[in-house]
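What follows is a set of notes on a single structure, which appears directly below.
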Amino acid sequence: MLGRVNHIAIAVPDLAAATATYRDTLGARVSQAQALPEHGVTVVFVELSNTKVELLEPLGADSPIAAFLEKNPSGGMHHICYEVADIIAARDRLQASGARVLGDGEPKTGAHGKPVLFLHPKDFCGTLVELEQV
Ligand code: CO
């Protein structure tokens with residue numbers, strides 16, 4: 001069911017500082033910051049040869065990563081995104097196995113304009129999992 005790792009998302013309290021760490025200390029190629037108000041984050045993409053890392057900073061009052069940063073004030077790995085070919089088939093299979101899909105269970109349009117779903121971390125080794133249909 002799972003394809004490639006699409007991205008790994010890291011929540012950070014200071015996007016400029018995190019970008020400098022990846023660009024200057026780690027020598028990675030980084031994008032300009034992009035505000036995604038409909039997702040409540042500002043994101044910088046770290047482009048790697050085999051996947052991306054997304055640095056996420058809260059944007060707006062009810063950012064979905066605000067609570068995570070309260071618990072992890074210096075930042076931390078927020079979720080991992082796996083590609084799937086058919087997100088509805090993946091959802092149905094996971095729900096049939098007892099896994100919890102967050103929200104109303106219907107795919108939403110993610111940060112890359114593709115359908116995404118999030119899976120409960122308690123069902124997946126303590127890690128928030130995003131599925132993206134590609
Ligand atoms: Co993501």
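Order of appearance sets the numbers: ligands from 1, and atoms from 1 within every ligand. The structure displayed is predicted, hence computed values, not measured ones.
His7 has its closest N, O or S atom to the Co ion (ligand 1) at the position named NE2. With respect to the Co ion (ligand 1), Glu130 has OE1 as its nearest N, O or S atom.
Side-chain atoms of Glu83 do not come within 3.5 Å of backbone N or O of Glu132 as any donor-acceptor pair.
For His79, the nearest N, O or S atom to the Co ion (ligand 1) falls under 2.8 Å.
Looking at His112 and Glu54, their side chains do bring a donor and an acceptor atom within 3.5 Å of each other.
Few gaps surround CZ on Arg100; more than 12 heavy atoms of other groups in view lie less than 6.0 Å from it.
With a 4.5 Å cut-off on side-chain heavy atoms, Ile65 and His78 count as touching.
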